[in-house]
2 protein chains.
Amino acid sequence: MGVSERGAADVKGERGRREEAREAMCPHRLVLEHVTSRWGVLVLDALLDRSYRFSELRREIGKLSTVSEKMLAQTLQTLERDGFVHRDAKPVIPPRVDYSITPLGREAAEQVRALARWTGVRMDDVQRARAAYDAAREAARA
Amino acid sequence: MGVSERGAADVKGERGRREEAREAMCPHRLVLEHVTSRWGVLVLDALLDRSYRFSELRREIGKLSTVSEKMLAQTLQTLERDGFVHRDAKPVIPPRVDYSITPLGREAAEQVRALARWTGVRMDDVQRARAAYDAAREAARA
DNA sequence: CGGTATCCGTATGGATACTG
DNA sequence: CAGTATCCATACGGATACCG
C-alpha cells in the first residue's frame, strides 16, 4: 500500500482526497497504513538501527528494493508528521539532513520489524503453500 | 498498499508484472506486503476470531472501510495462495464458501492485530504530533 | 450466493529535470 | 546534498454485467 499521499506537486499542497475523506471514519487505520506502507516498513526498519541521511537511507533501502526520491521524501514526511520520525536539518552548505526514529516510532518499528522477520522465517512454508495452490489449480484446469 | 495483484480479468490469468519481477530479488517482502495490504490486514484480523462466508466477511470489514467484491476476492486469493487462509467451497445450491484462518495465517494475523491495536492505543500521541507538525509549518509560512 | 469478466476513471508512484 | 516540480504510464480499485 502506498503512503496514500499525493505529491504536493500534483495538486497544490494538499494531502490526498481519499485519505482526507477516510480520515473521518477510522483515523487509526490510516496510521496503520502509514507504518505498513511499502516504504514505511523499510524506513522504520532501517532507522531502528541508527539514524541516516537522506541519500544514505535511500541507498540502504535500495539494497532491498529501489525507491524513488519522491516516494522516500513523501514517506519520510508522513512518518514525521505522525511523530514516528525526527528530521534534523542542519543549516550548512551542502545541506545535511539526518533522520532518526522517535520513541513513539520505535514502538511501531519494533513490531513492524518483528513481522518482517517473521515473513523471512516462514518463507518456505509460504512457498510450499504456493506450490500446492498452483498445482491444485493446474490440475483443475485439466 | 494494494494487494499488488492485477485482476485476472485485466491481463489474462497472470499476476502483475511488477510483482513478478520483484519476486526474484526479495520474496519475503511480497509476503509482508500481502499481509499488511489494505484489505489483507482487515481480513486477517476478522478471521482471527472466527470463520466467515464471503458476503458476511465483506459486511464485517465494511464496518471499518468499504471493500469491493473484486478486491475482497483478490485479497482472499492471495492470502489463500500464501497459505494464510483456508477456503472451503461447499458444493451446494445456493453456493456456500467459508473462509477460515490457517495455523500459519494465525501467526501473521496475531502480529498484525497487535500492530492494529497499538495504532489505536497511540492514536492521541499521533494526533498531537500532527498538530505540532502542522502548527510548525503554519508558523514557517508566516 | 459467490464469484469472474470487462470496462474505465484516476490516484499512485517512477523518471527526469531543476533549485537552494 | 536534499529535496521540489512536472510529466506520464499503469495498476489500483469501483461499477456493472453475467455465470455456475
Side-chain angles (χ1 to χ4, degrees), chain A residues 1-22 33-34 37-40 42 51-59 61-62 65-78 80 87-99 137 140-141, chain B residues 1-22 33-34 37-40 42 51-59 61-62 65-78 80 87-99 137:
Chain A
M1 130 197 10
V3 152
S4 298
E5 294 220 4
R6 177 187 292 162
D10 297 339
V11 166
K12 297 83 189 171
E14 292 187 8
R15 265 164 299 121
R17 304 229 168 96
R18 283 280 174 76
E19 170 140 327
E20 202 170 329
R22 291 170 49 222
E33 285 181 20
H34 293 168
S37 73
R38 193 129 167 224
W39 309 119
L42 299 185
S51 68
Y52 282 93
R53 299 179 59 180
F54 186 86
S55 295
E56 198 184 14
L57 183 56
R58 188 155 127 80
R59 279 190 298 273
I61 286 175
S65 199
T66 313
V67 56
S68 65
E69 291 184 4
K70 178 181 165 180
M71 292 317 298
L72 180 57
Q74 239 176 75
T75 302
L76 284 167
Q77 280 169 21
T78 302
E80 187 197 355
R87 179 178 187 274
D88 183 19
K90 294 171 169 140
V92 297
I93 305 276
R96 177 187 179 98
V97 182
D98 286 292
Y99 291 93
R137 300 217 99 195
R141 182 174 304 252
Chain B
M1 142 201 5
V3 151
S4 298
E5 295 219 5
R6 178 187 289 161
D10 296 341
V11 166
K12 299 83 188 172
E14 292 187 9
R15 266 164 298 120
R17 303 228 170 96
R18 283 281 173 77
E19 170 140 329
E20 200 169 332
R22 291 172 47 222
E33 286 181 19
H34 293 166
S37 73
R38 196 136 167 213
W39 308 118
L42 300 185
S51 67
Y52 282 92
R53 300 178 60 179
F54 185 86
S55 296
E56 199 184 14
L57 183 55
R58 187 156 127 80
R59 279 191 297 275
I61 286 175
S65 200
T66 313
V67 56
S68 66
E69 289 185 7
K70 178 181 166 180
M71 292 316 298
L72 181 57
Q74 240 176 75
T75 302
L76 284 168
Q77 279 170 20
T78 302
E80 187 197 357
R87 179 177 187 274
D88 184 19
K90 294 173 167 135
V92 298
I93 305 278
R96 176 186 180 100
V97 182
D98 286 292
Y99 290 95
R137 301 217 98 195

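What's counted below: heavy atoms across the whole structure, side chains too, no hydrogens, waters or symmetry copies.
The OH atom of A:Y52 sits 17 Å away from the P atom of D:dC1 (whole-angstrom rounding). Regarding B:E33, its CD atom lies at a distance of 14 Å from the C1' atom of C:dT12, rounded to whole Å. The distance between atom CD1 of A:I61 and atom P of D:dA2, rounded to the nearest whole Å, is 14 Å. For the pair A:D98 CG and D:dA2 P, the computed distance is 8 Å after rounding to whole Å. Residue A:L57 contributes atom CG, which lies 14 Å from atom C1' of D:dC1 at whole-angstrom precision. When rounded to the nearest whole Å, the span between CZ of A:R38 and P of D:dT10 equals 15 Å. Rounded to whole Å, the distance from NE2 on A:H34 to P on C:dG13 is 11 Å.
Fit an axis to the five pairs at each end of the helix from C:dC1-D:dG20 to C:dG20-D:dC1 and the two axes sit 50° apart, to the nearest 10 degrees.
Every residue was checked against the side chain to side chain donor-acceptor pair (under 3.5 Å) condition with B:R59, not counting sequence neighbours, and none meets it. Residues forming a side chain to side chain donor-acceptor pair (under 3.5 Å) with A:Y99 (at least two apart in sequence, or on another chain): A:R87. Checked against side chain to side chain contact (heavy atoms under 4.5 Å, CB included), A:S68 has the following partners two or more places apart in sequence or in another chain: A:K70, A:M71. Qualifying side chain to side chain donor-acceptor pair (under 3.5 Å) partners for B:E56, counting only residues two or more places apart in sequence or in other chains: B:R50.
In terms of heavy-atom proximity, A:L72 sits nearest to A:F54 at CD2-O, 3.8 Å.
To the nearest 0.5 angstrom, A:T66 atom OG1 is 8.0 Å from A:R58 atom CZ. Note that the CG atom of A:L57 and the OH atom of A:Y52 stand 7.5 Å from one another [nearest 0.5 Å]. The distance from the CD atom of A:E33 to the CZ atom of B:R38 is 5.5 Å, given to the nearest 0.5 Å.
For the pair A:W39 and C:dG14, the criterion of a side-chain N or O lying under 4.0 Å from OP1 or OP2 is met.
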Please produce a list of atom pairs where a protein N or O lies less than 3.5 Å from an N or O of nucleotides 2-4 of chain C.
| unit_1 | atom_1 | unit_2 | atom_2 | d |
| --- | --- | --- | --- | --- |
| C:dG2 | OP1 | B:R53 | NE | 2.7 |
| C:dG2 | OP1 | B:R53 | NH2 | 3.0 |
| C:dG2 | OP2 | B:S55 | N | 3.3 |
| C:dG2 | OP2 | B:S55 | OG | 3.0 |
| C:dG3 | OP1 | B:R87 | NE | 3.3 |
| C:dG3 | OP1 | B:R87 | NH2 | 2.5 |
| C:dG3 | OP1 | B:Y99 | OH | 3.3 |
| C:dG3 | OP2 | B:Y99 | OH | 2.7 |
| C:dG3 | N7 | B:E69 | OE1 | 3.2 |
| C:dT4 | OP1 | B:Q77 | NE2 | 2.9 |
| C:dT4 | OP2 | B:Q77 | NE2 | 3.1 |

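With B:T78 contributing its side chain and B:Q74 its backbone, the two residues share a donor-acceptor pair below 3.5 Å.
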